[in-house]
There are 2 protein chains.
Amino acid sequence: MGISERKEREKAELRQLILEGAMEVFLEVGFENTSIRKIAERIEYSPGTIYVYFKDKDEILHELHHTAFDRLMEVMEKTAVHAEPIDQVYAIGENYITFALENPQLYELMFVLRAPMKAINPECEWEDGWRTYNYFKSVLIKAVEKGQLKLVDPEVLCVTFWAAVHGLVTLYLRERFHNLPQDQVEPLMRHSLRELVKQYQSPPNH
Amino acid sequence: MGISERKEREKAELRQLILEGAMEVFLEVGFENTSIRKIAERIEYSPGTIYVYFKDKDEILHELHHTAFDRLMEVMEKTAVHAEPIDQVYAIGENYITFALENPQLYELMFVLRAPMKAINPECEWEDGWRTYNYFKSVLIKAVEKGQLKLVDPEVLCVTFWAAVHGLVTLYLRERFHNLPQDQVEPLMRHSLRELVKQYQSPPNH
DNA sequence: TGCATTTTTGAACACTGTTCAATATATTTG
DNA sequence: CAAATATATTGAACAGTGTTCAAAAATGCA
């Protein structure tokens, strides 16, 4: 029976079409203005159809958040070209900021908005987030083992660095750096990050 | 003419009543579920009345955000009991985290949500935020001058510390620390902060 | 009391996420 | 091929949202 296989394929294709339309609308008009009706109109289906393929809007946003993580992971893995872990730490931080500033909507979906998290089973893990977290932590551990970072608990290091860059980009994206001269904000953010990592670097031993 | 004075007083009182009702509803049901109709119902007026006293919903949220800053400012100023600026830096950081965790709704209004910022004239300054920012910066400057913090540009110090604690609490409030053992998250956050400030402290001279 | 102002109202508009009986299409059976 | 069945899609309906504005109610003044 090749028919049921074709049907499954078609279902998967329509599901994908919905996600693509959703991503287009989302990137164009932002989270607050993305509606099911707009997505439906974009792909020329009725609003009701979308609910055959997705439980609710949160599930759609969770899927978009998932593909966003794939992109961030790519950006992070590119830093593996650096031979020294400490150089990779700097590179990950810089790329993280760049990613957030270049993809503000995606960034908010991944780390700010509540919606995509609501689609996650409370028991279950936040796999997407954890993948990137653990990648970064593994680099930090290597840097500590090589004596390039001070002997601080890697969990603490990881949370601190992550929170710092997350804080920088979200304060910026949500316009809380409004009073700083706008053309100096991005350099300031990047300077802040470099200085931060520097403070945690091991001092040259005598 | 005492009548027009009384009328003005009554108008101010109703405005205040709306804000109090709005704050009640907001704290009870959160930002996403706060509606003009619910506020109106709470104070037993019709929805239309609210629009006589406020331009739109954002203006109401901006007012709430304003009183929230008054509370945070109180909490910060209490740290002035510390004689040494460096002690005050630690205390401000700790109180900031405590404030955010005890008043999550208010915190999001102040530093996360877009709504209250939309009510601000784009030309104008974000006074509420700037008041607290400058207070913190002045303490940092004192700590640097006293040789308690390393000679880092106070602006960089200020942005870094602020971003770090903001990052910690927002990742927590938006459930991005979901995978960490929940009972260890708050201690971890506070540990992260202490370690951070420690790194920026001046080494003992000679 | 009658008139003029001010204040308050609530229906109406255009949206939102979501549901579900009815319709349309596609597949299988006789 | 035609009828019956199964699947897919629809769009009206529901309860909610922020906001507006003509009408109604309340108040002040002569």
Side-chain angles (χ1 to χ4, degrees), chain A residues 1-19 21-23 25-26 28-65 109 113-119, chain B residues 1-19 21-23 25-26 28-65 109 113-119:
Chain A
M1 286 275 155
I3 285 180
S4 66
E5 287 164 20
R6 193 207 63 205
K7 283 228 170 185
E8 263 193 50
R9 202 172 59 237
E10 281 176 354
K11 281 192 83 165
E13 276 170 11
L14 182 45
R15 198 186 140 93
Q16 195 53 41
L17 183 69
I18 293 170
L19 287 177
M23 183 64 98
V25 173
F26 180 77
E28 278 172 31
V29 305
F31 167 74
E32 284 165 329
N33 300 309
T34 298
S35 72
I36 298 291
R37 281 173 181 81
K38 278 182 195 159
I39 297 170
E41 197 179 8
R42 168 71 54 117
I43 59 171
E44 295 175 300
Y45 276 82
S46 90
T49 305
I50 290 177
Y51 284 86
V52 178
Y53 294 83
F54 296 94
K55 190 177 135 285
D56 56 18
K57 196 183 173 184
D58 291 343
E59 194 173 310
I60 298 175
L61 291 169
H62 178 77
E63 287 296 312
L64 298 188
H65 136 290
L109 208 48
L113 299 179
R114 286 227 166 76
M117 303 303 273
K118 285 190 216 153
Chain B
M1 287 272 158
I3 284 177
S4 66
E5 288 164 19
R6 192 207 63 204
K7 284 226 167 183
E8 265 192 49
R9 201 172 58 236
E10 281 175 353
K11 282 191 83 164
E13 276 169 10
L14 182 45
R15 199 186 139 92
Q16 195 53 41
L17 183 69
I18 293 169
L19 287 177
M23 184 65 97
V25 173
F26 180 77
E28 278 172 32
V29 305
F31 167 74
E32 284 165 329
N33 300 311
T34 298
S35 72
I36 297 291
R37 281 173 181 81
K38 278 182 196 159
I39 297 169
E41 196 178 7
R42 169 70 53 114
I43 59 172
E44 295 175 301
Y45 276 82
S46 92
T49 307
I50 290 177
Y51 284 86
V52 178
Y53 293 83
F54 296 93
K55 190 178 137 285
D56 55 19
K57 196 184 174 184
D58 291 343
E59 194 173 311
I60 297 175
L61 291 169
H62 179 77
E63 287 296 311
L64 298 188
H65 136 291
L109 208 48
L113 299 178
R114 287 228 164 75
M117 302 304 273
K118 286 190 215 152

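Everything numeric in this text was worked out from a predicted model, so none of it was measured.
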Whether B/Lys38 side chain and B/Asn33 backbone form a donor-acceptor pair below 3.5 Å = yes

Is it true that atom CD of A/Glu10 has more than 12 heavy atoms of other residues, nucleotides or ligands lying nearer than 6.0 Å?
-> yes

Distance in angstrom units between A/Lys11 NZ and C/dT25 P, rounded = 19 Å

Has the side chain of B/Arg15 got a donor or acceptor atom that lies under 3.5 Å from a matching backbone atom of B/Tyr53?
-> yes

Any idea which of C/dT18, D/dT9, D/dG18 is nearest the A/Asp56 side chain?
-> C/dT18

Against the side chain of A/Thr49, the closest entry in D/dT10, D/dG18, C/dG17 is D/dT10

Once you round to the nearest 0.5 Å, how far does NZ of B/Lys118 lie from CG of B/Leu113?
-> 9.5 Å

Rounded to the nearest angstrom, tell me the gap between atom OH in B/Tyr45 and atom C1' in C/dT9.
-> 12 Å

Any side-chain N or O of A/Tyr53 less than 4.0 Å from the OP1 or OP2 oxygen of D/dT9?
-> yes

Identify, between B/Glu10 and A/Gly48, the residue whose nearest nucleotide on DNA chain D lies closer to the 5' end.
-> A/Gly48

Here the distance between atom C1' of D/dT10 and atom CG of A/Leu14, to the nearest Å, is 13 Å

Between B/Val52 and A/Asp58, name the one whose nearest nucleotide on DNA chain C is closer to the 5' end.
-> B/Val52

A/Tyr45 pairs by side chain to side chain contact (heavy atoms under 4.5 Å, CB included) with which of A/Val52, A/Ile50, A/Ile39, A/Leu17?
-> A/Leu17

Closest to side chain of A/Tyr51, choosing from C/dT18, C/dT8, C/dA12 = C/dT18

Starting at the 5' end of DNA chain D, which residue's closest nucleotide do you reach first, B/Pro47 or B/Lys7?
-> B/Pro47

For the side chain of B/His62 and the backbone of B/Glu59, is there at least one donor-acceptor N/O pair under 3.5 Å apart?
-> no

More than 12 heavy atoms from other groups under 6.0 Å of CD on B/Glu41 | no

Students should find that the end-to-end axis angle of the helix from C/dT1-D/dA30 to C/dG30-D/dC1, with five pairs defining each axis and rounding to 10 degrees, is 30°

Specify the separation, in whole Å, of atom CZ of B/Arg6 and atom P of C/dT6.
-> 14 Å

Verify the contact: side-chain N or O of A/Ser46 to OP1 or OP2 of D/dG11, cut-off strictly under 4.0 Å; return yes or no.
-> no

